[in-house]
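Reading through the structure tokens given below for one structure.
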Number of protein chains: 2
Amino acid sequence: MFNISKEDYLRVIYKNYTAGSLVTATVIADKLNVSNAAVTDMLKKLAKEKLIKYIPYKGVELLQKGMELAISLVRRHRIWETYLYKIIGLPLSMVDSEAENLEHSSSDELINRLEEILGYPEFDPHGDPIPSKKGILPKKKKSIPLSELEVDEQGAVLRVNDDSDEFLEHLTKLGIELNRKIKVVERRSFDNSLLIEVHADAPLRGKKEHSISEKYAKNIFVEVKSKK
Amino acid sequence: MFNISKEDYLRVIYKNYTAGSLVTATVIADKLNVSNAAVTDMLKKLAKEKLIKYIPYKGVELLQKGMELAISLVRRHRIWETYLYKIIGLPLSMVDSEAENLEHSSSDELINRLEEILGYPEFDPHGDPIPSKKGILPKKKKSIPLSELEVDEQGAVLRVNDDSDEFLEHLTKLGIELNRKIKVVERRSFDNSLLIEVHADAPLRGKKEHSISEKYAKNIFVEVKSKK
DNA sequence: CAAAATATTTAAGCGCACTTAAATTTTATT
DNA sequence: AATAAAATTTAAGTGCGCTTAAATATTTTG
């Protein structure tokens with residue numbers, strides 16, 4: 001892999017940070033598919049630019065400047081994803097990799113225009129929050145994995161937790177996308193697989209039943225609406 | 001300037017080639033704003049990859065493979081320009097530099113989709129031809145510079161010959177864009193400046209008179225429609 | 001047509017983002 | 001707490017696309 005830029009390092013640090021614990025070199029190396037040595041090199045450069053706080057052998061976290069840059073990148077990425085999906089009509093399984101390329105080569109003006117065309121969306125097609133021009137993230141709604149829904153309970157898809165093509169393509173086949181309502185019809189305790197009812201959008205109406213494995217269900221997050 | 005890629009070299013060679021004469025190193029260096037030494041370096045690499053025929057001290061021309069790559073790049077560039085202008089609504093003076101960034105980071109699928117959305121346009125907003133998926137260029141219509149129109153003659157804008165922001169912004173102010181009809185009302189032989197009538201598009205109707213210098217008129221190409 | 005001017009290439013070197021291999025620090029184990 | 005295992009950093013080196021300065025080839029011109 002080539003030409004992984006500083007921005008990508010910042011994005012990985014941003015996405016893998018959880019309060020209180022630093023992001024380690026190995027995590028970054030894995031996500032970017034580069035050697036640990038390359039990561040150490042880059043971290044030293046980013047630290048010199050005051051973008052991150054780097055504690056050798058321990059890990060890193062973002063400083064103000066780095067945080068701003070990372071958020072701007074995430075914003076660009078998620079706005080492109082949303083645009084590619086909703087306006088251009090690319091399949092969900094393509095938008096992530098396409099956006100990853102485009103995010104590095106779009107002016108702020110273009111991004112702002114795309115956002116305007118989209119009507120200032122709060123979440124991208126995976127359900128991830130889109131930072132505003134000023135870097136503010138919309139509050140996320142509470143969600144639970146589909147796997148934790150009880151039988152006869154229903155929820156609306158809020159977020160998916162995996163970027164692999166296979167995962168996303170399968171969801172598309174099942175008609176599962178953001179905001180789609182899903183009801184659990186049956187749970188088979190043998191393997192914890194579920195029989196679900198995917199409610200169609202207004203135009204087509206109706207609902208379809210599908211069987212999904214526990215692993216899929218654990219990576220689909222829904223907002224619980226009501227019991228029935 | 002940094003990170004000027006092979007593709008950019010190929011594009012410059014493509015754009016500056018005229019049958020029978022090779023493209024010289026200096027022309028390339030000027031267009032890309034790099035040193036002659038950098039150009040020589042890169043030409044050797046491109047020649048090794050059989051993308052170009054390089055005759056030291058003389059210049060270069062594209063070979064089959066290089067031609068295909070260059071045309072694909074030009075296609076990506078012009079489709080983005082058209083999309084940014086017509087769909088996204090960016091000002092004409094911005095589309096060239098924006099497209100220059102995007103053209104290197106878009107998949108063929110995306111480009112094909114944009115082309116489809118645009119309805120398979122033949123020309124970009126500057127009037128330059130857009131190569132088809134197979135690399136075929138639409139036949140260009142015959143055009144003459146606005147400066148060569150006679151008084152009372154009228155033509156439709158087919159192409160503009162300058163990419164500078166100032167030039168394009170001024171045209172926008174005058175309401176001059178592709179396919180717009182222009183009539184020469186008066187020619188002042190003192191400085192060869194023209195008084196022109198720019199016909200508005202259907203929705204607004206009417207026409208506006210403007211005075212433009214010879215230099216502007218020489219860079220606007222029109223298709224002669226009729227005498228009056 | 002030789003000398004001067006111009007264009008082009010070669011040489012040496014730089015910063016970047018990587019690599020592998022060796023050295024060092026941290027963590028886990030008993 | 002010593003030692004083995006794992007994680008991380010340092011060291012050395014690579015290819016890329018650039019730079020400036022020097023050498024060489026081509027073109028112009030008086």
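Letters A, B, ... mirror the listed sequences (proteins, then strands); counts begin at 1. Note that this is a predicted model, so its numbers are computed, not measured.
Take A/Ser105 and apply the side chain to side chain donor-acceptor pair (under 3.5 Å) test, not counting sequence neighbours, and it matches B/Ser105. For A/Tyr83, the side chain to side chain donor-acceptor pair (under 3.5 Å) test picks out B/Tyr83, with sequence neighbours left out.
Comparing D/dT9, C/dT9, D/dC18 by their nearest atom to the side chain of B/Met42 picks out D/dC18. Nearest nucleotide to the side chain of B/Ala37, out of D/dC18, C/dA11, C/dC16: C/dA11.
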Produce the list of close N/O pairs, under 3.5 Å, pairing protein atoms with atoms of nucleotides 13-15 of chain C; give distances to one decimal.
none

Output one line per pair: protein atom, nucleotide atom from nucleotides 24-26 of chain C, and distance, for all N/O pairs under 3.5 Å.
unit_1, atom_1, unit_2, atom_2, d
C/dT25, O4', A/Tyr57, OH, 3.4

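OP1 or OP2 of C/dA17 lies within a sub-4.0 Å distance of a side-chain N or O belonging to A/Lys45. Under 4.0 angstrom from either OP1 or OP2 of C/dC16 there lies no side-chain N or O belonging to A/Tyr9. The side chain of B/Ser35 contributes no N or O atom lying less than 4.0 Å from OP1 or OP2 of D/dC18.
The distance between atom CD of A/Glu49 and atom C1' of C/dA17, rounded to the nearest whole Å, is 14 Å. When rounded to the nearest whole Å, the span between CD1 of B/Ile28 and P of D/dG17 equals 15 Å. Put simply, CD on B/Glu7 is 16 Å from C1' on D/dC16, counting in whole angstrom units. For A/Asn36 and C/dT20, the CG to P distance is 11 Å, given to the nearest whole Å. We find that CG of A/Leu22 is positioned 12 Å from P of C/dT27, with the value rounded to whole Å. The distance from atom NZ of B/Lys44 to atom P of D/dC16 is 14 Å, rounded to the nearest whole Å. Taking atom CG on A/Leu46 and atom C1' on D/dT9, their separation rounds to 16 Å, with Å as the unit. In this structure, CG of B/Leu32 is placed 15 Å from C1' of D/dT19, rounded to the nearest angstrom.
Note: B/His170 and B/Tyr216 have tilted aromatic rings, judged against thresholds of 30 and 60 degrees for the angle between ring planes.
One finds no salt bridge joining B/Arg113 and B/Glu109 here, because no Lys/Arg side-chain nitrogen approaches an Asp/Glu carboxylate oxygen to under 4.0 Å. Between B/Lys141 and B/Glu223 no salt bridge is recorded (no basic side-chain N to carboxylate O distance below 4.0 Å). Under 4.0 Å is where a charged nitrogen must lie from a carboxylate oxygen, and between B/Glu7 and B/Arg76 at least one such pair does.
Residue contacts for B/Ala38: at a heavy-atom cut-off of 4.0 Å it reaches a base atom on one of the strands shown.
The two residues A/Tyr85 and A/Leu90 make their nearest non-hydrogen contact at CD1-O, 3.5 Å.
The salt bridge (charged side-chain N to carboxylate O under 4.0 Å, His left out) contacts involving residues 31-45 of chain B comprise nothing, where partners must be two or more places apart or lie in separate chains. Counting only residues at least two apart or in different chains, salt bridge (charged side-chain N to carboxylate O under 4.0 Å, His left out) contacts with residues 78-103 of chain A comprise A/Arg11-A/Glu100, A/Arg11-A/Glu103, A/Arg78-A/Asp124.
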